[in-house]
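First up is the structure itself, then whatever we jot down about it.
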There are 2 protein chains.
Amino acid sequence: MDPRIEALQRRAAATPGLINLGGGLPAEVQFPKRALARAFLKALGRQGAPALQYGWAEGSLELRRWVAERLHARGASVAPDDIIITSGAQQAIALGLELVCRPGDLVGVDAATYPAALELIAERHLRAVPRWRDVGARYVMPALGNPSGRELSREDRRAVCEGKAAILEDDAYADLRFEGPAPRPLLADLRTRVLHVGTLSKTLCPGLRIGWLVVPPRLRARALRLKASQDLQASSLAQSVACEYLLGGEDFEARLVRLRRFYRARAHKLLRVLRTHLPDWSFSEPEGGFAVWAHPPSSSGNIPDEVHFLTAALAEGVSFDPGSSFRPDRAATPLALRLCFSAAPSASFEEGAVRLARAWRRVNGRRRRDEGRRRRPRSSAERAAA
Amino acid sequence: MDPRIEALQRRAAATPGLINLGGGLPAEVQFPKRALARAFLKALGRQGAPALQYGWAEGSLELRRWVAERLHARGASVAPDDIIITSGAQQAIALGLELVCRPGDLVGVDAATYPAALELIAERHLRAVPRWRDVGARYVMPALGNPSGRELSREDRRAVCEGKAAILEDDAYADLRFEGPAPRPLLADLRTRVLHVGTLSKTLCPGLRIGWLVVPPRLRARALRLKASQDLQASSLAQSVACEYLLGGEDFEARLVRLRRFYRARAHKLLRVLRTHLPDWSFSEPEGGFAVWAHPPSSSGNIPDEVHFLTAALAEGVSFDPGSSFRPDRAATPLALRLCFSAAPSASFEEGAVRLARAWRRVNGRRRRDEGRRRRPRSSAERAAA
């Protein structure tokens, strides 16, 4: 990521009163604190205190059974032994890429996709390209894209599945589609070349850092060795708390129904105020997830610089995720923004949109003035100084 | 690791009644369950629930300050910004190796050292060699070696510090030297080329998966990018629980004094019973840590196979860590065992030693019979059948 953008985002996160529409964080109000506290106390009481002790690299059998059952219900017949509990989905993606790619490989991705996957691809000396054909592997979020908030189109889905390239299926938001349960994963139909990535970060809480990787049986032994060499195992504490929570009588499916309703209402509200205050922008119509993907009008042909726009937005007291982070070539044009409805209080959305519109007018005004200045015939003094 | 050994160790861990002198686990009775439960409840109560939310890649500032202060007290002037909280010490080692090595590099290690570091070195396409000179980097446990249980000799310390190679200093057991506080780390004198690795796994509990990596300032930005690309951040939950525990009035130094006394008493007891029941074996005299490094007599010149000995031990109801896992070339000879006094109940030590001695006699008896058989002149029937 552009270090200037990271610096601005860190500043945003530390500024009181700022309305942060960036970050992609889940809503704190939805963290089931009491139930997690009960789960923790139960986990500590277990004979042998497995929550505090070392465990095996593949992770908790109970948790892997739970994942296998939920995938089974979606059409994918997966055994607990095909699953490795990881330190968040990010590690599952990292292990997956290492299992199927060699340095220099091309990795096909969406035209806009998850920034941390792009960072990882670059760190691993791979190259992300915005196409599905003629690549060594593919990284894709079929159930629900980030930042698009949309299911993969039928045409793209067909293209992703074509040929023999390994597919890294990132299922992070599958359970948070507004209109209902998670769809059939690619894993269900392409068991031998799909590596499937899941997580509790969006549906329970990210602080646990619990994700999982489903691998084809031929890759299992190597995946386990890699996992063990990277960090031995996912946190026993987090796994135990998650297990006690998920298997201890909490109704997770009912929770998902509540979460979908909650985030859908927020998405609608954010879209409404954005359309009111930025009427000439275009916005993705999210089908789920945490964010709206927004494009300011590009009709003028002269787009304000992304970093300047973010700086102006921070000065107005609002923040967003700049589009360049989501693009495989890090292009800042056409100018785009991810605007998250997930974490900021929904009561702040209108004011957030007002501030964003003000920042937009400011950079546009300055841009128009700059253009005007450039077009204006130079004075004799200016001509002398040049 | 030899997959047969892993299979045997998994079987051992699942066998009720077996006395497990392998594994290197800390004592469950020393986990401060109540204090951790209090810490968890306090962490959940914090404004914004940082324990459940995403955090930055470098980890909790409070925790990094705590680490910096403790290192400072040992002579190393380190700022919180030089520290990255990792998903256990294993990840710190993994990041450290990636920062200073290229595929194919030689990594100097002790003649016997931490198995998971050796596995990692092999996975990263590096080569571990048992020497300190003419290597690209060095991995070493100066304060207290594993499996030796001894401080690095003055001579080895000098050799490790010679030249310009980067040094990965694994400080995992430094706080658990029986005779007192952790010594001055290499980091204190070689700030620009020591990457220092610490952990809470031995002194608090491993289930949190909280470790840290101290990097020279020039490597910080890359280290952070690597950490973020691997798994975004260490578990917020584990970091928050650790913070509340360490900074919330629990006396950690007093805990260390108790732990040192506890493990020293266990070490002495295990050594005593081992010497009684295996009088011709030799044992390291541990200065701290969790284990004794044991060598059966090699006088006969004909050493029983490590896997057969472990199989025989399991049949007798006792387990150990075979020496080959600790050696850079995985050599099973000279036969050696790591015997841990840390986790098995100390009341079981005597019976464990008796069983081990029985297993030893069994494989030796068989070996002598085998030798006898080989030496015995063949019968005419045998000659005919050959």
Side-chain angles (χ1 to χ4, degrees), chain A residues 1 3 10 13 23-26 28 31-34 36-37 40-41 44-45 48-56 86-91 94 116-117 119-124 201 204-211 221 225-226 228-241 343, chain B residues 1 3 10 13 23-26 28 31-34 36-37 40-41 44-45 48-56 86-91 94 116-117 119-124 201 204-211 221 225-226 228-241 343:
Chain A
M1 186 188 290
R10 282 180 179 256
L25 275 57
E28 183 208 329
F31 295 154
K33 295 187 194 178
R34 268 187 221 165
L36 288 173
F40 183 86
L41 296 176
L44 276 193
L52 304 179
Q53 193 52 282
Y54 285 110
W56 298 106
T86 56
S87 304
Q90 182 71 15
Q91 188 183 52
E119 303 274 345
L120 173 67
I121 288 168
E123 276 299 331
R124 294 293 95 192
S201 291
L204 189 50
C205 65
L208 293 173
R209 312 303 308 125
I210 293 294
R225 280 204 309 275
L226 266 181
S229 77
Q230 286 302 307
D231 65 357
L232 299 186
Q233 53 155 123
S235 162
S236 312
L237 179 71
Q239 292 186 77
S240 293
V241 170
Chain B
M1 185 189 291
R10 283 181 178 254
L25 276 58
E28 183 208 329
F31 295 154
K33 295 187 194 178
R34 271 189 217 162
L36 288 172
F40 182 87
L41 296 176
L44 276 193
L52 304 179
Q53 192 52 282
Y54 284 110
W56 298 106
T86 56
S87 304
Q90 182 71 16
Q91 188 182 53
E119 303 274 345
L120 172 67
I121 288 168
E123 276 299 331
R124 296 292 95 192
S201 290
L204 189 50
C205 66
L208 294 173
R209 311 303 307 124
I210 293 294
R225 280 204 309 278
L226 266 181
S229 77
Q230 286 303 306
D231 65 356
L232 299 186
Q233 52 155 125
S235 162
S236 312
L237 179 71
Q239 291 186 78
S240 292
V241 170

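The figures that follow rest on heavy atoms only: side chains count, while hydrogens, waters and symmetry mates do not.
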Using non-hydrogen atoms and a 4.5 Å limit, figure out which bit of A:Gln233 sits close to chain B: side chain, backbone, both or neither.
-> both
Structural part of B:Leu41 lying under 4.5 Å from a heavy atom of chain A = side chain
Taking all atoms of both residues into account, what is the closest heavy-atom pair of B:Ala94 and A:Ser229, and its distance?
-> CB-O, 4.2 Å
Partner set under side chain to side chain donor-acceptor pair (under 3.5 Å) for B:Glu123, not counting sequence neighbours = A:Arg222, A:Arg225
Quick one: are B:Gln53 and A:Pro26 in side-chain contact, heavy atoms under 4.5 Å?
-> yes
Check each atom of B:Leu36 against the heavy atoms of chain A and say whether the ones under 4.5 Å are side chain, backbone, both or neither.
-> both
B:Leu52 and A:Glu28: side-chain contact (heavy atoms from CB on, under 4.5 Å), yes or no, with the steps?
-> CA-CA 8 Å; B:Leu52 304 179; A:Glu28 183 208 329; over 6 Å; no
Interchain contact, B:Pro3 with chain A, by part (heavy-atom threshold 4.5 Å) | neither
Is the backbone N or O of B:Pro206 less than 3.5 Å from a side-chain atom of A:Ser236, with the two atoms forming a donor-acceptor pair by type?
-> no
Whether A:Ser235 side chain and B:Gly207 backbone form a donor-acceptor pair below 3.5 Å | yes
Test item: A:Gln230 and B:Asp231 side chains (from C-beta on) under 4.5 Å apart, heavy atoms = no
With sequence neighbours excluded, residues passing side chain to side chain donor-acceptor pair (under 3.5 Å) with A:Thr86 | none
Which one, A:Arg10, A:Gln91, A:Lys33, leads in non-hydrogen pairs under 4.5 Å with chain B?
-> A:Arg10
Apply the test side-chain contact (heavy atoms from CB on, under 4.5 Å) to residues B:Leu232 and A:Arg209: give CA-CA distance (whole Å), side-chain angles for both, the deciding distance (0.1 Å), then the verdict.
-> CA-CA 9 Å; B:Leu232 299 186; A:Arg209 312 303 308 125; 3.5 Å; yes
Hey, which of B:Gly24, B:Pro50, B:Ala37 has the most heavy atom pairs under 4.5 Å with chain A?
-> B:Ala37
For A:Arg124, is it the side chain, the backbone, both or neither that has a heavy atom under 4.5 Å from a heavy atom of chain B?
-> side chain
Region of A:Leu208 in contact with chain B, defined by heavy-atom distances below 4.5 Å = both
Would you give the length of the straight line joining atom CZ of A:Phe31 to atom CG of B:Leu44, rounded to the nearest 0.5 angstrom?
-> 11.0 Å
Okay, A:Ala13 and chain B: the region with an atom under 4.5 Å from a heavy atom over there is side chain
Portion of B:Ala49 that has a non-hydrogen atom of chain A nearer than 4.5 angstrom = both
